[in-house]
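Please read all numbers here as calculations on a predicted model, not as lab measurements. Counting begins at 1 with the first residue of the sequence.
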Amino acid sequence: MPALSRWLLRVSFFALVIGGALGAWLLASEPWPSAWVVRLRAAHIHLMLFGWLMPFVLGTAYWMLPKHAEGPARGSAGLGAAAGGLVTGGVVLGVVGALAGWEWLQRVGTLGVIGGGAVFISLLWPRIKAFGAGRVS
């Protein structure tokens with residue numbers, strides 16, 4: 001498994017644990033409304049959707065999709081690391097923005113996640129091909 005996939009999967013499992021614990025706490029405290037509920041719920045959604053699901057899918061796809069027949073097997077490692085960093089940084093900014101009540105920071109984090117995801121998709125797109133296509137006989 002490539003290092004980038006390991007890193008993204010570890011990030012996703014960390015977000016799963018934190019987001020799951022936050023969600024369980026929100027469920028347990030549901031009868032007691034608080035001004036924090038809206039912020040905690042936004043942080044929970046950000047952690048579970050962008051922090052757990054997205055890095056898990058991207059890390060698994062980076063690992064499992066067919067390799068290039070020529071050149072670097074999985075494309076540019078630097079571009080992949082930059083995309084993974086954008087996704088991870090966007091998650092952190094989004095959660096901090098949600099907890100602080102700074103909607104602008106949450107939006108910046110979301111844009112970072114979307115931008116990183118788009119860069120990652122551009123890295124993965126050429127690897128989607130029929131079995132055996134592009135191989136040298």
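Nearest heavy-atom pair, Gln106 versus Ala42, reported as atom, atom and distance to 0.1 Å: NE2-CB, 3.8 Å. When all heavy atoms of Ala43 and Leu99 are compared, the closest pair comes out as CB-CD2, 3.8 Å.
Under the 4.5 Å side-chain heavy-atom criterion for Ile, Leu, Val, Met, Phe, Trp and Tyr, Ile114 and Met48 are members of distinct hydrophobic clusters. In the hydrophobic clustering of this structure, Trp102 does not group with Val38; members are Ile, Leu, Val, Met, Phe, Trp, Tyr whose side-chain heavy atoms approach within less than 4.5 Å, directly or through other members. Using a 4.5 Å cut-off between side-chain heavy atoms of Ile, Leu, Val, Met, Phe, Trp and Tyr, with links allowed through other members, Met54 and Leu111 fall into different hydrophobic clusters. Linking ILVMFWY side-chain heavy atoms closer than 4.5 Å, directly or via other members, places Val119 and Trp63 in a single hydrophobic cluster.
A donor-acceptor pair under 3.5 Å links the side-chain atoms of Arg127 to the main chain of Leu65, judged by distance alone. The backbone N or O of Met1 lies less than 3.5 Å from no partner atom in the side chain of Ser5, so there is not a single donor-acceptor pair.
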>> What verdict does the side-chain contact (heavy atoms from CB on, under 4.5 Å) test give for Ile128 and Leu124, after you've listed the backbone C-alpha separation in whole Å, the side-chain angles of each residue and the deciding distance to 0.1 Å?
In response: CA-CA 7 Å; Ile128 301 171; Leu124 296 175; 5.7 Å; no
>> As a quick check of understanding, evaluate side-chain contact (heavy atoms from CB on, under 4.5 Å) for Leu123 and Tyr62, giving each step before the final call.
In response: CA-CA 9 Å; Leu123 185 66; Tyr62 187 75; 3.9 Å; yes
Taking distance alone, no hydrogens or angles, what donor-acceptor pairs closer than 3.5 Å link side-chain atoms of residues 77-94 to residues at least two apart or in another chain?
| unit_1 | atom_1 | unit_2 | atom_2 | d |
| --- | --- | --- | --- | --- |
| Thr88 | OG1 | Gly84 | O | 2.9 |

Review item, side-chain donor-acceptor pairs of residues 14-28, under 3.5 Å, at least two apart:
none

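At most 12 heavy atoms of other shown residues, nucleotides or ligands fall within 6.0 angstrom of atom CZ in Arg10. Within 6.0 Å of the CH2 atom in Trp7, the count of heavy atoms belonging to other residues, nucleotides or ligands exceeds 12.
Pairs engaging residues 35-55 under the ring-ring contact (aromatic ring centres under 6.0 Å, His included) rule: His46-Phe50 [sequence neighbours left out].
The structure places CG of Leu9 at 9.5 Å from CG of Leu4, a figure rounded to the nearest 0.5 Å. A distance of 12.5 Å separates CG in Leu47 from CG in Leu53, rounded to the nearest 0.5 Å.
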